[in-house]
Engineer: 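Got a structure for you, written out below as structure tokens; questions coming shortly.
All figures in this text were calculated on a predicted structure; none of them were measured in a lab. Chain letters run A, B, ... following the sequence lines, proteins first and then strands; every chain starts at 1.
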Number of protein chains: 2
Amino acid sequence: MKWDTLEEEPCSLARTVAVIGDRWSLLILRECFLRIRRFDDFQASLGITRHLLADRLKKLVRFGVLRKIPYQEAPKRYEYILTQKGLDLYPIIMSIVHWGNIHMVDARGRPLLHEHKTCGKMFDPVMVCSECGEPLSAKAVHVHPGPGARKSSPVHASARERAKRAAEST
Amino acid sequence: MKWDTLEEEPCSLARTVAVIGDRWSLLILRECFLRIRRFDDFQASLGITRHLLADRLKKLVRFGVLRKIPYQEAPKRYEYILTQKGLDLYPIIMSIVHWGNIHMVDARGRPLLHEHKTCGKMFDPVMVCSECGEPLSAKAVHVHPGPGARKSSPVHASARERAKRAAEST
DNA sequence: TATTGACAGTTCTAAAATAGAACTTATGGT
DNA sequence: ACCATAAGTTCTATTTTAGAACTGTCAATA
């Protein structure tokens, strides 16, 4: 697969993966949410090569996730800050952090704790249904084709059949 | 950076990225949640090379996200199914899909719609605070070092200082 | 009995991405 | 004049990935 075509796939996950679906992009975004903004600071805190960092920042700007704003003239220097589109990635970052907190921490415990300024308490993120407010689980969700669905699924008929039977048998 | 060491980083995001932070793993997991379970079905629906697919499945099994269970003897064949640890990735997948739905869809609209069986309605996922139930935004969250925090941050002093000032100035 | 097909991989080479270090350009300070 | 800061760019060596072909096991079929 050419990764350039990923963003045109008729799948919202694939398109998002085109933007954030590599290791460095997610780590760069974590730093953004921790208020890192400058080239050398990203480089120092992540240990990423300068080449890759330049490349990834360019990509994130191209996708409208980050914006370059000048913080000094002569020589002209820029900071990278999150756009609204970038800020909207917060639930993704938080759910990734939360999964790591639950399943990947060692004996020392969590590296970071999160305080919700609104209520003043340490919290975990919970994903709920926009309609009824109940926490979501994979098994309580049913998927329907939407208006942008592909006509012919790339999933083989045999696989589709098996998946369908499996879904019906639950 | 050697990616083998990523899972030992004192950062829950980095550790999770070690598991799911590459393009194919996320796409494979999407298929898992759509009830794809077999090698050739993954291969056919994703177009991934067999080599990479074998490698990624092995990795996901090693991390305890998938489990191989036999579905026939002679010849012995296995299916890959999500463990509880794997099912817990659902909020990550859903938040990625949702961001794509908001920011990456084309004129045709969403490829998939989600129905919450519990309430019967089409929904979007919303991330809320476990303590007060309010929707979360990056700006309403404050970060504290936890018990597993690294002693000396890899973030340079200069960057830390700038970040701190930025945080205080809000 | 020989042949075909399904399934789950493995092996091979060429192309692409990444790591790691050095280099460039512009400017300000001592 | 010399050094430091900042934000990149360029270079080669290594690693990863793409793409296709091949292997092994068994069941069903001719």
Engineer: Give the nucleotide from the list dT27(C), dG8(D), dA7(D) with an atom nearest to the side chain of Ala54(A).
Structural biologist: dG8(D)

Engineer: In whole angstrom, give the distance that lies between atom CZ of Arg37(A) and atom C1' of dA6(D).
Structural biologist: 17 Å

Engineer: Compare side-chain N and O positions of Arg50(B) against OP1 and OP2 of dA18(D) and report whether any pair is under 4.0 Å apart.
Structural biologist: no

Engineer: Just checking Tyr71(A): base, sugar-phosphate only, or nothing, at a heavy-atom cut-off of under 4.0 Å?
Structural biologist: sugar-phosphate

Engineer: If the cut-off is 4.0 Å, is Lys58(B) near the phosphate of dA8(C), judged by side-chain N/O to OP1 or OP2?
Structural biologist: no

Engineer: Report which part of the nucleic acid Phe42(A) touches: base, sugar-phosphate, or nothing (heavy-atom distance under 4.0 Å, all strands).
Structural biologist: nothing

Engineer: With respect to the side chain of His51(A), which nucleotide from dT10(C), dG20(C), dT5(D) is positioned closest?
Structural biologist: dG20(C)

Engineer: Has Arg38(A) got its NZ or CZ under 6.0 Å from the middle of the six-membered ring of Tyr71(A), at an angle within 45 degrees of the ring axis?
Structural biologist: yes

Engineer: Taking atom P of dT17(D) as reference, at what distance in whole Å does atom CG of Asp55(B) sit?
Structural biologist: 7 Å

Engineer: Please report, rounded to the nearest Å, how far the P atom of dA21(D) is from the CD atom of Gln43(B).
Structural biologist: 13 Å

Engineer: Rounding to an integer number of Å, can you tell me how far Lys59(B) NZ sits from dG9(C) C1'?
Structural biologist: 19 Å

Engineer: By nearest heavy atom, map Arg23(A) and Tyr78(A) onto DNA chain D; which one lands nearer the 5' end?
Structural biologist: Tyr78(A)

Engineer: So, does the side chain of Arg77(A) form a donor-acceptor pair with the base of dA6(D) at under 3.5 Å?
Structural biologist: yes

Engineer: Leu53(A) has an atom CG; how far is it from atom C1' of dT18(C), in whole Å?
Structural biologist: 14 Å

Engineer: So, does Lys68(B) get its side chain near the phosphate of dG9(C), meaning an N or O under 4.0 Å from OP1 or OP2?
Structural biologist: yes

Engineer: Compute the centroid of each ring, for His144(A) and then for His142(A), and state whether the two points are separated by less than 6.0 Å.
Structural biologist: yes

Engineer: Hey, is Asp106(B) close enough to Arg108(B) for a salt bridge, meaning N to O under 4.0 Å?
Structural biologist: yes

Engineer: Under a 4.0 Å N-O cut-off, is there an ion pair linking Asp41(B) with Arg35(B)?
Structural biologist: no

Engineer: Between Asp22(B) and Leu57(A), who's closer to the 5' end of DNA chain D by nearest nucleotide?
Structural biologist: Leu57(A)

Engineer: Without decimals, in angstroms, what is the distance between Arg56(A) CZ and dA7(D) C1'?
Structural biologist: 18 Å

Engineer: Taking atom C1' of dA19(C) as reference, at what distance in whole Å does atom CD1 of Ile48(A) sit?
Structural biologist: 11 Å

Engineer: Could you check whether Asp22(B) pairs with Lys59(B) (Lys NZ or Arg NE/NH1/NH2 to Asp/Glu carboxylate O, under 4.0 Å)?
Structural biologist: yes

Engineer: I want to verify a distance call: between dT27(C), dG9(C), dT25(D), whose nearest atom is closest to the Phe39(B) side chain?
Structural biologist: dG9(C)

Engineer: Out of dA19(C), dT25(D), dG8(D), which has the shortest distance to the side chain of Thr49(A)?
Structural biologist: dA19(C)

Engineer: Round to the nearest Å and state the distance from Trp24(A) atom CH2 to dT16(D) atom P.
Structural biologist: 14 Å

